[in-house]
Amino acid sequence: MDLNYTAEEQAFAAEVRAWVRANLPAETRHAVEHHKRLRKEQYVDWQRRLADHGWGAPSWPTQFGGPGWTPVQKHIFDEVLSEEHAPQPLPFGLNMIGPVIMAFGSKAQQDHYLPRILTQEDWWCQGFSEPGSGSDLASLRSKAVLDGDQWVINGQKTWTTLAQHANIIFVLARTDFQAKPQKGISMFLVDMALPGVTVRPIITVDGEHEVNEVFFDDVRIPKDCIVGEPGQGWTYAKFLLSHERTGIARIGRSKAELRRLKHIAATETVDGVPLIDTSGFREKVAGLEIELMALELTNLRMLAAEKHGQAPGAEANMLKIKGSEIQQTLTELMMEAVGPYALPFDPQAREQGWNGEPIGPDYAAPLAPDYFNYRKVTIYGGSNEIQRNILAKAHLGL
Amino acid sequence: MDLNYTAEEQAFAAEVRAWVRANLPAETRHAVEHHKRLRKEQYVDWQRRLADHGWGAPSWPTQFGGPGWTPVQKHIFDEVLSEEHAPQPLPFGLNMIGPVIMAFGSKAQQDHYLPRILTQEDWWCQGFSEPGSGSDLASLRSKAVLDGDQWVINGQKTWTTLAQHANIIFVLARTDFQAKPQKGISMFLVDMALPGVTVRPIITVDGEHEVNEVFFDDVRIPKDCIVGEPGQGWTYAKFLLSHERTGIARIGRSKAELRRLKHIAATETVDGVPLIDTSGFREKVAGLEIELMALELTNLRMLAAEKHGQAPGAEANMLKIKGSEIQQTLTELMMEAVGPYALPFDPQAREQGWNGEPIGPDYAAPLAPDYFNYRKVTIYGGSNEIQRNILAKAHLGL
Amino acid sequence: MDFSLSDTQQMLRDTAERLVRERYGFEERKRILAGPGGFSRELWATYAELGLLGIEVAEDQGGIGGNFQDLAIVLEAFGRGLVVEPYVPTVVLGAGLVNAAGSDAQKADILPRVVGGEAYLAFAHGEPKSRYTLAHVATSATADGDGFSLTGDKAVVLGGDVADLFIVSARTAGKAGDTDGLSLFLVPKDAAGLTVRGYPTVDGTRAAEVSLRGAKVGRDALLGPEGGAFPLIAQALDRGAAALCAEAVGVMTALNELTLDYLKTRTQFGVPIGSFQVLQHHMADMFIAQEQARSMAILAASRADSADAAARSRAISAAKVQVGKSARFIGQQSVQMHGGIGITEEYVAGHYFKRLTTIDRTFGDVDFHLTRFATLAA
Amino acid sequence: MDFSLSDTQQMLRDTAERLVRERYGFEERKRILAGPGGFSRELWATYAELGLLGIEVAEDQGGIGGNFQDLAIVLEAFGRGLVVEPYVPTVVLGAGLVNAAGSDAQKADILPRVVGGEAYLAFAHGEPKSRYTLAHVATSATADGDGFSLTGDKAVVLGGDVADLFIVSARTAGKAGDTDGLSLFLVPKDAAGLTVRGYPTVDGTRAAEVSLRGAKVGRDALLGPEGGAFPLIAQALDRGAAALCAEAVGVMTALNELTLDYLKTRTQFGVPIGSFQVLQHHMADMFIAQEQARSMAILAASRADSADAAARSRAISAAKVQVGKSARFIGQQSVQMHGGIGITEEYVAGHYFKRLTTIDRTFGDVDFHLTRFATLAA
């Protein structure tokens, strides 16, 4: 047992860090570090640079363009990129539909889509949730009917993250209305430029446009835009969601945010004393740091087990639960740290290149909005209540 | 709206305080204050003094010997007695079987038993729980069969508090085996001196003998020792449990214990600084004090509503939940306050009159055992999970 | 001991609740927020007509001569409606300070205008480095001719963007942190050397950064004793905190009702989500949190004008702690139980949540009041 | 990065787990506790035979030359069995200190006796007023002829009632609180002026108050450098904390298994209580708490003998905080889910709960370690 990185692992970390420092555009780094809005082309540019270097898809098999890293290397890569304020990778192509296409897609789909995911030539979004079915996906009502050589899709999706940037969406729709709820669902790959696809923004309480509704009105797609077999969409969706959880703990990012929190709390003062040196706040930060240390080690233990061929089980639910709670506590403490200056609402200040006079400290503007926004992380990807249900039932046998 | 006591209420408090100071035996007061074991005769003696003064049953109607106080007076009485370290009233006669006998008992039962409750001539205990039925009382298996002029009782009860002191027990037993589980239950009043009644101590994790098992082997009681109608025991039990909740928040006692906690924390030191002046501990005590303030006011609001004829509803469940949590936190902080001296186990030190050399500070010995023992308060009288079920279902309509 | 409402209180409650019900629907509120200044001058006039702007003002100055508990009744109703008009800055803080410290002339000048809805006030006290500390005032007031010259920066002044008249705390002696040497000044918005930068806050209400650069005021601008304003400041902020406690109880009650309704009507897996035991228990705890906060808000209101300043501050700090904890718990749990819809701008739950969060950050957060409570002797 | 067990560790785990399974049933443990001294000298001899008393001791002194992680493996298994023998006082603290600071003669004298099961050690360090503070030592060691005379009181000395040899911390210079001026002394139990008052602790293990009144020892009793023992003391207590973290993980795992089994078999209202969603979620959180604690206990063990004292203390404080929180949560929830049976002496759940509570109170509680963690730079 040895909890230190090996010399090889340390060398790998150094290599990644050096490369990121040389290749991450300064403007993008600054925007991520200071919680500014990223522009679409900054996401795409960064993903292309990674892909060109062979690092576009850390968790993919080498045959599809993955780098063939060990789980610990993947962890180091995530950690270093977060430390260096690289944009968080978008999961929709890389970690969601990509693995599904690899496992269940046709050879033609694999050849066409996978390289375009690597280079972000396609921007994917996810068409699962519907207004009536959040945690209960099996109750979805969108439908697809085969009409000659085409599927005709009708329905409405919601909470579609960054659909405003996407050109393609993977959609669950019901194709068999007689079968049991889970059995009659299929998965489709839909070009969003097609007639009948409409995207409507949903503005969240932080004032941001991050999620959308997507409407399908008689959208006609070629017959071969179905994934795998008709009626197997539920199986593919479960496969996809189990992959989505990988990395959902966002440990690297939380470590970077913890450093930011400490920096803010060292700058803010109470009666002239740095906030971080006042015992109440100091101990709250310390408590959070310990939880994060524990979660990182738990994650490393899971990765080690994976290396020995053990599939992730309860650990994935656990990482989602604790990881999301830690992310929320971070946003809460950041907001607390700035005291009354959490209150001014200054959405302009989140634009890159904005050079107006900030209201209060220059780091204050995003903090309360982030706190509001981050309530989502215990809701999406299977709410934490669902995660606990699964943990209790599947792992503990209750 | 006026949150101060009226002049009359203040005068009443002064009267109660003066009387208690004059009449509570010093030895008893000392024992209660210092968490010593009370002897049976000390309980009885104190109850007789109260009864002789007309204060034996604060919540009883005047016709049965109650003092006719307002709800606020009852609160003040409880508060002052706790402040003055009087023994906590035993609920089994006064607040449990007493009200049931008043409401459902025969005239003969009322004439015989109620005066004997007032003076503690009878020491009652409760025969509800069974090894297989804790929260689920309807599943109880004790049975009573009518044999001529006598009921013959067989079965086993558990968690019977202070049964070692009791001479009489009220018992739920099944009398109809065809009826639905709740319908076939009856309530009996059983002389514990009868052949076939056996009491076996249960020692709890604090090393104390407080609860017991009670066995009934062909115990024969006169036919008229049933309460009310056969088959109505379930109704009477629910009535009884709703009365038990009154005062279960133990606010007066918790306020007295909070003072004790502050005293201990002012005596203990960390690097020479009183523990109560160290910020971590000080804020924990403050947080608890605020919760207790809030609960006291909530209780007073409930009492005021009662005075205006509104029956206690959700408030009773709420008082039980918060009141028990506060009691537990108090024991937890007391144990924390003494640091390593929480660990020595010195049961002798809890005996009155013991004058050995204490291990560590003289207040330390009961603290960890009390912490262990007080885990019971979120379990008994309907566990806090059951209380939340009731609150959600009965009050919130879920 | 009496928790019943007086006739006046019953009337105020009915009035304010009806107003909120009839004039403050979610869509109506959205229109108000989108309008000029982000609040409704028309509704403000209605408040004036209904007597809501002069509850504590003496009858001879046009008010109804009530007390803080009467005010708290209105604030709870306003909380239910997420009312955005600058009631706390103008009525609770501004008029409250004039009432407490003003000369007869000052009262006669200002209070009738507040009662009539013609003047908006704001208390410019907090500063960029003061956080929640009361005496951390660096703004200076130096003697200048027969008056004073004020220089300094005031941070997150609630209602500051619309205020006609500021009550500015400044130092006539001593240094930041001293309780002695503080004075209050009445400064009109058009005073030379005073600059106001208004902005919305995260909950949709408004505030401002106020900068004073040699702003000149006469000696008659002094509100209360020179150098002895600390007790007035402390009381004003205690009253502000007590007011927000009452408002927060209204918000929590409305949010709990909304959430309970959602649990009963939203179905997943073929059943109402309120049939899941975990959500039932959370809802039970939210109800408890609400009632504990209500108890403490009642205490805070009853102590807001207590003569014993230490007892007042201790009770109000206790209340602000309880309200802050309850607000956070209820806000977070409600959003969680609603799922995605809970954090969208188009649904009211998120707005309750934001208002509760704002209240928790205003006039001292939980940590500040917990420490203050602990250090004030019982 | 490697979490796999070495062959030695695998063997130690198998050995210790089998021992616990076969020799430490609940009834067997009860008999051991009721016996003389409250532990089993027979089992101690077995530990010696199995090599468990010499894990860290060099092979030429009869040990197996292992490391702290090997020790942690055994402690986790001992936690599962609620083993009551004085393993931590003798092996982790006592032998650990001799190993770290002893002269060749001291090692050769003491370690083989420990390895062979012939000597029990105890570390007499804490004092009535020291709480958890490491340097708060008032016991004095004054030069006396060619040796020292020790006077002072030592509090809650784990394993003190049975110890043959005490390692006593005392001050050769300075005053309580100074890190300089501390020395360690080997004092046999029959030294004149040394009095031992043994007693059981709340979890069934044993401790003692140790009083020194001019207890005389020779210069050769000095363990480590005169006046420079603070780093040794700090390391010993860190090792003690790390050992308890490993043990606690064993206790928590066993208690969670017991509770899970109870949820599956206990029926109420005609169904297993484990079908209630609230209990399912609590159990899920208990499992998470256990795994988070396990991760940190592994970290603590891997850092226990780190050369970087600050990094070691920081990691071990972090672990003790996490273990303390997890232990409290799991202990309290397990008892709650068991209901009344959970707090009876005749059922094992309450004994796990008491052991977890004891561990949380030993070598620094959550508050102590949280503050220490926060003040040690990363």
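Residue numbers begin at 1 in each chain, while the letters A, B, ... track the order of the sequences. Please read these numbers as outputs of a predicted model, since none were measured by experiment. Only this structure's heavy atoms are used, side chains among them; waters, hydrogens and symmetry mates stay out.
Between the side chain of E209(D) and the backbone N or O of I359(B), no donor-acceptor pair lies under 3.5 Å. Counting only distance, with no hydrogens or angles, the side chain of Q268(D) and the backbone of G132(B) share a donor-acceptor pair below 3.5 Å.
Nearest heavy atom pair, residue V205(B) against residue K354(D), reads O-NZ, 2.7 Å. When every heavy atom of R375(B) is checked against every heavy atom of V335(D), the shortest pair comes out as CB-CG1, 3.8 Å. Scanning all heavy atoms of the two residues, the minimum distance from P369(B) to V202(D) falls at CD-CG1, 4.4 Å.
For K264(D), the NZ atom is densely surrounded, since the number of other residues' heavy atoms within 6.0 Å is greater than 12. Counting non-hydrogen atoms of other residues, nucleotides and ligands closer than 6.0 Å to CZ of R141(B) gives a total of 12 or fewer.
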Where do K284(B) and D367(D) land on the side-chain contact (heavy atoms from CB on, under 4.5 Å) test, with the steps shown first? CA-CA 11 Å; K284(B) 281 202 272 194; D367(D) 284 358; 2.8 Å; yes

Start with the C-alpha distance between Q332(D) and E332(B), add both sets of side-chain angles, then the distance that settles side-chain hydrogen bond (donor to acceptor under 3.5 Å, both in side chains), and finish with yes or no. CA-CA 11 Å; Q332(D) 293 181 350; E332(B) 195 167 317; 2.9 Å; yes

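At a 4.5 Å heavy-atom cutoff, the contact between T267(D) and chain B is made by backbone atoms alone. With a threshold of 4.5 angstrom between heavy atoms, P131(B) approaches chain D through N, CA, C or O but not through any side-chain atom. Residue N389(B) does not touch chain D at all, counting heavy-atom pairs closer than 4.5 Å. Both the backbone and the side chain of A155(D) come within contact range of chain B, with heavy atoms under 4.5 Å apart. Heavy atoms closer than 4.5 Å to chain D are found in both the backbone and the side chain of A342(B). F269(D) touches chain B through backbone and side chain together, each having a heavy atom under 4.5 Å away. In this structure, the portions of E357(B) lying under 4.5 Å from any heavy atom of chain D include both its backbone and its side chain. When heavy atoms are compared at a cutoff of 4.5 Å, R266(D) approaches chain B solely by way of its side chain, counted from C-beta outward.
The distance from the CZ atom of R361(D) to the OH atom of Y371(B) is 8.0 Å, given to the nearest 0.5 Å. To the nearest 0.5 Å, atom CG of residue L279(D) and atom CD of residue E385(B) are 6.0 Å apart. Between Y380(B) atom OH and I343(D) atom CD1 the span is 10.0 Å, to the nearest 0.5 Å.
Listed options Q336(D), R197(D), R328(D) were ranked by heavy-atom pairs under 4.5 angstrom with chain B; first place goes to Q336(D). Contact tally against chain B (heavy-atom pairs below 4.5 Å) for T205(D), L370(D), T357(D): the top residue is T357(D).
Heavy-atom neighbours of chain D within the stretch residues 334-341 of chain B, taken at a separation under 4.5 angstrom, comprise M335(B), E336(B), A337(B), V338(B), G339(B), P340(B), Y341(B). Contacts with chain B (heavy atom to heavy atom, under 4.5 Å) involve these residues of residues 123-133 of chain D, listed by number: P128(D), K129(D), R131(D), Y132(D), T133(D).
Considering I203(B), T204(B), D206(B) as possible partners of E345(D), the one that fulfils the side-chain contact (heavy atoms from CB on, under 4.5 Å) test is I203(B).
Ring geometry for F372(B) versus F353(D): interplanar angle over 60°, hence perpendicular rather than tilted (30 to 60°).
A 4.5 Å side-chain heavy-atom check between T344(D) and W159(B) finds at least one atom pair inside the cut-off.
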